[in-house]
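For reference, the structure is listed below as C-alpha cells.
Keep in mind that the numbers below use all heavy atoms, side chains included, and drop hydrogens, waters and symmetry copies.
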Amino acid sequence: MEKYDFKLIEAKWQQYWEEHGFYQVSEDPSRPKYYVLEMFPYPSGNLHMGHVRNYAIGDVVARFKAMNGYNVLHPMGWDAFGLPAENAAIQHGIHPAIWTLANIENMKRQLKTMGISYDWDRELATCKPDYYKFTQWMFLKLYQHGLAYKKKSAVNWCPSCQTVLANEQVVDNSCERCEAVVEKKQLEQWFFKITDYAQRLLDDLELLPGWPEKVKTMQRNWIGRSEGCQFDMQIAGSDERISVFTTRPDTVFGVTYMVLAPEHPLVEKLAQNTPEAAAVNEFLDKMRHLSDIARASTELEKEGVFTGAYAINPMNGEEVPIWIANYVLMDYGTGAIMAVPAHDQRDFEFARKYGLPIRVVIQGEDTPLDGADLTEAYEGDGKMVNSGLFDGLSVEAGKAAVIDYMEKNGIGSRAVNYRLRDWLISRQRYWGAPIPIVYCQECGIVPVPEEDLPVLLPEDVEFKPSGESPLNYVSSFYETTCPGCGGKARRETDTMDTFVCSSWYFGRFCSPHEDKQPFARAAVDYWMPVDQYIGGVEHAILHLMYARFFTKFLYDIKWLSCQEPFTNLLTQGMVLKDGSKMSKSKGNVVSPEDIINTYGADTARLFILFASPPDRDLEWSDAGVEGAYRFLNRVWRLVGDYRKVLQKQDSIGSELDEATRQLRFKTHAIIKKVTEDIENRFNFNTAISAIMELSNQLGAYRDHPRPHAGVVREAVETLLLLLSPFSPHICEELWHMIGHENSICLMSWPKYDKDALVQSEVEMVVQINGKVRDRIMVATGSDDETVRQQCLQSPRVLQQLEGKTVQKFIIVPGKLVNIVAR
RNA sequence: GCGGAUGUGGCGGAAUUGGCAGACGCACCAGACUUAGGAUCUGGCGGGUAACACCGUGGGGGUUCGAGUCCCUUCAUCCGCACCA
C-alpha cells in the first residue's frame, strides 16, 4: 500500500467536495435546520492558530450535525472595515480596498486548505457596497425609531495630527504616530441608544441557558443595574437644585458634604465671584488636561476642592458644603453625589484627607458610634441611628422607608441606574460604512432616503500622513443636495464603527444575495437564530451585546422573529506558545500555513482539538502535532492492513469468539462515548482519545488467526465515520479505499447497539475501609448477596479481614464493593 | 480593590452523578526488526519498596463507608473591569 500522502489526498477531496457543491444549502422545511457560525475574521492578511482552532471546532459541529440529519448552514465572511487597512494605506500607499481584498483572497486560499465545510456561495465582506448598503439601512431604521442621535462627546484629539484617535492609538497618553500629548475634545458624535434596551438585555440573559455562565455574568456587570432613589438638593441661597442618585437612601442622615464631577454643568456657576473661584478654576484646568485614559487607568489619589457653596439636605434641612472631586464621574448617575463618609469607603477616604465630618448613621454590632473612631467606612448591615423617626430600622427596611417618605413628600423618587452607556458609533475615519445623513441649511439633519442607498465610499482619495480622514477633502463626496428641499447640502463625513457591521451579519448569511432588503423574511425565519455560535471570549461583552441589541431592535420592527441571535455560545480559549499568547513581538508565532504544508490539514485540525477542551487555553506543542500525525499514519496503515479481510463476507450474527466479541463491544462503547462527548459536552479531546482507543484495539486484533470480517468491517467503518468530522480528508480517502462509492460526508452518524454493550461479566473493585484490595469478576446483574459471598471467597480479602469484624458492606452495583471492618 | 476562573505525573490532559486517580497523547527507558533509524512494532513509565506496606490531585482542616469532586480556610497563577454613588 502506498504511503499516506496528505498533500495529494487533501487537494483531491477539497476539489471533489467543491465541485459537487457538498456544502451548499438551501431552506428545506422537511428537515430540521442547524445554523453553526464562527465569528467572522478581520482580514489581517494571514490565518493564525486562533482562527484554525475556531474553525476546526465549528467544522466538527457542522459535520456532526449534518451526519445526524440536520440541514446545516455553515457560512463564512469577512469583517472587512477597520483601522489597520487605513494604516496600511497611510504607511505603504496601498488603497484600503486593495489591501483588504488582497488579504481576503490570501486568507480564503489558506482557509480552503483546511477543508472546512463552508458554503462559499454565501461569502460576504462588510466593506462591499452590497453589504454596507444595508448597514446604512440599519442606521436609517434606528434613526427613524429615535434610536440614533447626535450629542457632544469627548474624543481623544491629537493636536499635532489634527485628528481624532481611537483608544488603541493612544499610547501612554500620547499619539502613537507623532507622540504628541493627547487632549480631550468635545465633538458632535452619533450614538445608538442601546440604553433603551438595558433592561431587556439584562432580563433576556435568562433565555440563554446555552451560554457560559461567565459570559452572562460579564454582561450583567457591564449593564450594571443598580436600584436606589434620585432626589434634589437645593443650593443654599439660590433656586438652583442638583439631582443626586444613591443606592443607600438609608444613610441620607449621614450626609456631611456633597460632591460634583468636574464636568458637572453647575460647577462654574457655583464658584462664580466667590473667594474659592481661583482654586476651583485651577482644579478644573488640571482635570481637563488629564485624558480619559489617564484619569481611568492610574490609581489616582482622590482629590478635590471646595466650591464655597452649600446644599440643603432635604431630609433634615442641614446645610452641607459642596465639593468638586475627581472620583465622581459625570457619565454615571447624575454626576453628583451625596457623600456619606461613615458608610462609603471612597467618601471616607476623601473626608479624612480634607478633614470633613464623619457621622455614623448605621449601627453595626461592633461599629463605634463616633465617626472619629472609624478606621474605614462601615458598609455592612445594622440599625439606623441619628436618623430621626427612622431610628431602629434595618438597612433594608430603612431604604424602603426613606424612599417612601421622599415620594410621599415630593422630595425624590425611586430610580434605577445602569452602567451601560449609549453606543458611540461615529468614527472620523475613511475605511468604514458612511453614515447616511445629509446636513441641509434649511432642513437640518436629513436622513438619506432608502432608495438612494448605498452612500458609496469614494475610491479616489488621498491619505494624509496625519491619519485625518480623507473624506473631509473629497468635495464630490460631501457636496450634495438635500433630499428634502433639493438645496445645497453637506454630507456626513463620519463613518460607522465596525461593530455596527458585525451586529447583523449573521442575518445576512441567510440570504446574502438579496439586493432590495438586508435579508429575505422566509430565509431568516427558517435559519435564525444561530444554533451554535463560536468565538473568542474577548468578544464576550461588546460584540455580543451589540448583536443582541440589533436583534431585539429588528424583532421590534418585525424584521426578525427571534429575540436573541445566538441560542448556544461556545467561547474558545486562546492558543498559547511557551505559556503566552502567540504574537509577532514575542516571536512565538506558529504559522498555520507551515503546519498544514508539513503535516496536512487533517493533522493540524486533529491536534488542535485533541490538545485541550475548546473552552480552555491551549498550549501549542510541536511534539504533540507529530503525535497527531503519527496517529493518522497508524490509521492509514491499519485500514490498509485490513483490506484483505474486508473483502470477505462474514455476518455479525454468527457465533463470536471472545476477542471478536470484545472488538464489537469496544466499537459500540466508543460510538456512545464519542457521540455524547461531541453532542453534550464539546469535549473533542476525549472524543478523539476514545477514537484512538478503538484504533488501538483494532490494531491488536490484527494478530487474530481467524478475523471476523463482519465485525472488522463494522469497527473500521465506525472508526472512519467517527473520525471524519475531525480529519475529513483521510477518512474520505480510506472510505473509498475500502470499497465505498459515496462520500463519507453523506453517511449517517453511527448508532450504537445496546445489545452489543451487554457483557456477561463485570469487574468489580473490592475495597476494605476505602482501600482497593482486590478485583473480582461478577456475573452481570448479580444480587448483593451473591456479590457479598463472592467477596468473602477472595483470599486477599479474607487475609485483610483477619482479626477484624465486618460491620457493613457497601455495594455499588457493577462497580465497587466497600467492606467496612474494624 | 471588585468580579470570574484555574491549580492533578517530566509535559498536554482524563476521571460526566461522591465510587478503581493518572484514560488518550507527548517525552523518556528497555527490547524487536535493521547496514542504519529521527521509521515501525512490543513492553515499561506518579513517588516509594527486593516485593509488599505506605504516600500521593497547591497547603491546612472538616463532612462521609468512601473526597480530585462537597463544606470551611489559606496560598499561588491567569483573565476581565477599573473610584458606578
Side-chain angles (χ1 to χ4, degrees), chain A residues 3 212-215 217-218 220-222 224-226 228 230 244-249 251 258-259 261 295-302 325-329 331-340 343-347 349-350 417-421 537-538 540-541 573-574 576 579-580 606-607 610-613 615-628 630-631 633-634 637 673 676-677 680-681 683 685-693 695-696 699-700 702 763-775 807-812 815-821:
Chain A
K3 75 184 245 290
E213 209 46 55
K214 120 181 129 172
V215 172
T217 304
M218 283 162 86
R220 273 186 206 106
N221 293 341
W222 190 260
R225 179 189 158 99
S226 55
Q230 189 165 323
V244 297
F245 172 75
T246 180
T247 53
R248 291 296 302 274
T251 63
M258 179 179 184
V259 194
R295 218 179 127 186
S297 66
T298 53
E299 290 253 326
L300 266 194
E301 164 99 7
K302 287 180 183 45
N326 58 354
Y327 75 96
V328 173
L329 309 174
D331 44 18
Y332 183 80
T334 59
I337 61 159
M338 61 174 218
V340 186
H343 305 293
D344 181 288
Q345 186 59 23
R346 294 153 301 174
D347 296 345
E349 285 167 27
F350 192 78
N417 246 303
Y418 299 94
R419 254 191 55 166
L420 184 71
R421 294 172 205 162
V537 73
E538 65 272 18
I541 297 179
M574 282 187 300
L576 310 175
S580 54
L606 189 71
F607 167 70
F610 177 59
S612 168
D615 54 344
R616 260 204 259 172
D617 285 352
L618 179 151
E619 175 69 29
W620 182 266
S621 147
D622 291 330
V625 181
E626 291 269 359
R630 277 208 293 268
F631 169 69
N633 272 287
R634 270 200 300 277
R637 286 192 301 271
K673 162 98 181 133
E676 288 170 357
D677 277 354
N680 307 340
R681 310 200 299 159
N683 276 18
N685 54 332
T686 52
I688 293 167
S689 75
I691 295 169
M692 288 172 169
E693 285 183 48
S695 153
N696 289 345
R702 267 182 298 205
E763 188 186 73
M764 286 183 78
V765 167
V766 184
Q767 297 182 333
I768 293 168
N769 294 331
K771 293 197 192 273
V772 181
R773 298 302 180 187
D774 202 2
R775 287 147 207 279
Q807 297 183 325
K808 214 183 329 179
F809 265 81
I810 288 155
I811 298 176
V812 183
K815 271 192 180 163
L816 164 146
V817 182
N818 189 14
I819 304 170
V820 186

Test of understanding: with side chain to side chain donor-acceptor pair (under 3.5 Å), list the residues that count as partners of A:R346, not counting sequence neighbours. A:D344

List for me each residue that meets salt bridge (Lys or Arg N to Asp or Glu O under 4.0 Å) alongside A:D347, sequence neighbours excluded, and say none if there are none. none

Starting at atom CZ of A:R775, determine the distance to atom P of B:C20, rounded to an integer number of angstrom. 10 Å

What's A:T247 touching, base or sugar-phosphate or nothing? Going by heavy atoms closer than 4.0 Å. sugar-phosphate

Can you tell me how far P in B:G56 sits from the matching atom in B:U6, rounded to whole Å? 24 Å

Testing B:G80, B:A23, B:C84 for proximity to the side chain of A:R419, the answer is B:C84

If I pick the C1' atom on B:A5 and the same atom on B:G10, what distance separates them, to the nearest angstrom? 26 Å

Over 60° means perpendicular and under 30° means parallel, so classify the ring planes of A:W620 and A:F607, tilted if in between. perpendicular

If you pin A:V772 and A:I337 to their nearest nucleotides in RNA chain B, which one's is more 5'? A:V772

Picking from B:G19, B:C24, B:A27, the nucleotide nearest the side-chain atoms of A:N696 would be B:C24

Of the nucleotides B:G13, B:C65, B:C24, which one has an atom closest to the side chain of A:M692? B:C24

From the set B:A85, B:G19, B:G4, return the single nucleotide nearest to any side-chain atom of A:K214. B:G4

Round to the nearest Å and state the distance from A:Y332 atom OH to B:A82 atom P. 14 Å

A:K771 side chain N/O closer than 4.0 Å to the phosphate oxygens (OP1, OP2) of B:C55? yes

Measuring to OP1 and OP2 of B:A14, would you say a side-chain N or O of A:R616 lies under 4.0 angstrom away? yes

Results of salt bridge (Lys or Arg N to Asp or Glu O under 4.0 Å) for A:E619 - residues two or more places apart only: none

Taking atom C1' in both B:C28 and B:C75, compute the distance separating them and give it to the nearest angstrom. 32 Å

Rounding to an integer number of Å, can you tell me how far A:N685 CG sits from B:A23 P? 14 Å

For the student: nearest non-hydrogen atoms of A:K214 and A:V537, plus distance: CE-CG2, 4.0 Å

Any side-chain N or O of A:S226 less than 4.0 Å from the OP1 or OP2 oxygen of B:A85? yes

Mind calculating the distance between CZ (A:R773) and C1' (B:G19) to the nearest angstrom? 16 Å

What does the list of N/O pairs under 3.5 Å between the protein and nucleotides 9-12 of chain B look like, with a distance for each?
{"from": "B:G12", "atom 1": "O2'", "to": "A:A611", "atom 2": "O", "distance (Å)": "2.7"}

What does the list of N/O pairs under 3.5 Å between the protein and nucleotides 40-47 of chain B look like, with a distance for each?
{"from": "B:U40", "atom 1": "O3'", "to": "A:R637", "atom 2": "NH2", "distance (Å)": "3.2"}

For A:L816 and for A:E676, locate the closest nucleotide of RNA chain B by heavy-atom distance; then report the residue assigned to the nucleotide nearer the 5' terminus. A:E676

Do any N or O atoms of the protein come closer than 3.5 Å to N or O atoms of nucleotides 66-71 of chain B, and which pairs are they?
none

